[in-house]
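The chains referred to below are lettered A, B, ... by the order of the sequence lines, with proteins before strands, and numbering in each begins at 1.
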Amino acid sequence: EAQVTQNPRYLITVTGKKLTVTCSQNMNHEYMSWYRQDPGLGLRQIYYSMNVEVTDKGDVPEGYKVSRKEKRNFPLILESPSPNQTSLYFCASSLSGRARRGYTFGSGTRLTVV
Amino acid sequence: AQSVTQLDSQVPVFEEAPVELRCNYSSSVSVYLFWYVQYPNQGLQLLLKYLSGSTLVKGINGFEAEFNKSQTSFHLRKPSVHISDTAEYFCAVSENDYKLSFGAGTTVTVRA
């Protein structure tokens with residue numbers, strides 16, 4: 001089944017403790033992206049990647065890192081999480097990055113930083 | 001710069017009644033427009049999209065949307081909703097076919 005898989009689904013952590021949220025897709029998509037969803041703000045893009053070893057900042061990149069060493073994986077790294085990074089995170093992918101083709105989203109990771 | 005405003009944050013509606021979700025966008029160039037749906041505890045799914053051509057676009061699950069360039073709107077409608085349509089709906093816009101900007105979302109709650 002074609003899908004984007006995120007892990008974990010739920011995560012509670014403490015301020016300052018480094019964490020990684022994984023994202024993997026099995027559709028050979030070139031484009032992958034991370035969003036955070038907050039009430040009243042919709043989805044905001046954190047980082048995106050057009051292909052392996054090509055990443056770029058989205059609208060809210062502060063406090064996050066990403067890497068794209070393989071086509072299928074696009075992990076989101078929080079080096080020193082803070083409470084304002086408590087949010088619902090989504091990974092998305094598409095064949096070429098063209099919005100017109102639609103994005104495939106993962107099921108989300110709910111992160112709580114205390 | 002592109003932006004999206006969803007005019008209603010919550011829309012309660014009775015089963016089998018019609019529903020309309022309002023979306024206005026801001027852009028200085030031609031855009032692509034989308035509606036995504038997020039069912040509880042799931043990721044977003046594409047409902048429908050407007051790329052060009054006919055301004056009335058039909059999507060999955062009986063939804064349709066109308067693009068109005070003069071009013072910069074892309075409202076979503078369904079003539080008769082079901083309990084299973086309870087979800088959050090996001091309007092999105094893309095100017096350059098790469099960056100996708102989302103609205104804040106509209107929560108639709110369908111009651112029996």
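A:Leu95 and B:Phe34 are members of different hydrophobic clusters when ILVMFWY side chains are connected at heavy-atom separations under 4.5 Å. Residues A:Leu111 and A:Leu76 share a hydrophobic cluster, clusters being chains of Ile/Leu/Val/Met/Phe/Trp/Tyr side chains in contact below 4.5 Å. Taken together through direct or relayed side-chain contacts under 4.5 Å among Ile, Leu, Val, Met, Phe, Trp and Tyr, A:Ile77 and A:Ile12 form parts of separate hydrophobic clusters. Hydrophobic clustering, with ILVMFWY side chains joined whenever heavy atoms are under 4.5 angstrom apart, groups A:Met50 together with B:Leu100. Following chains of ILVMFWY side-chain contacts shorter than 4.5 Å, one cannot reach B:Val81 starting from B:Phe90, and the two form parts of different hydrophobic clusters.
For A:Leu43, the parts sitting under 4.5 Å from any heavy atom of chain B are the backbone and the side chain alike. Only the side chain of B:Leu46 has a heavy atom closer than 4.5 Å to any heavy atom of chain A.
Counting heavy-atom pairs closer than 4.5 Å to chain A, the top residue among B:Leu33, B:Val4, B:Leu51 is B:Leu51.
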Distance-only donor-acceptor screen, chain B against chain A, under 3.5 angstrom:
unit_1: B:Tyr32; atom_1: OH; unit_2: A:Arg100; atom_2: NH2; d: 3.1
unit_1: B:Tyr36; atom_1: OH; unit_2: A:Tyr103; atom_2: N; d: 3.0
unit_1: B:Gln38; atom_1: OE1; unit_2: A:Gln37; atom_2: NE2; d: 3.1
unit_1: B:Gln38; atom_1: NE2; unit_2: A:Gln37; atom_2: OE1; d: 3.3
unit_1: B:Asn41; atom_1: O; unit_2: A:Arg9; atom_2: NH2; d: 3.2
unit_1: B:Lys49; atom_1: NZ; unit_2: A:Arg100; atom_2: O; d: 2.5
unit_1: B:Asp97; atom_1: O; unit_2: A:Ala99; atom_2: N; d: 2.6
unit_1: B:Asp97; atom_1: OD1; unit_2: A:Ala99; atom_2: N; d: 3.2
unit_1: B:Asp97; atom_1: OD1; unit_2: A:Arg100; atom_2: N; d: 2.9
unit_1: B:Asp97; atom_1: OD2; unit_2: A:Arg98; atom_2: NH1; d: 3.4
unit_1: B:Asp97; atom_1: OD2; unit_2: A:Arg100; atom_2: NE; d: 2.7
unit_1: B:Asp97; atom_1: OD2; unit_2: A:Arg100; atom_2: NH2; d: 3.1
unit_1: B:Tyr98; atom_1: O; unit_2: A:Tyr103; atom_2: OH; d: 2.8
unit_1: B:Lys99; atom_1: NZ; unit_2: A:Asp59; atom_2: OD1; d: 2.9
unit_1: B:Lys99; atom_1: NZ; unit_2: A:Asp59; atom_2: OD2; d: 2.7

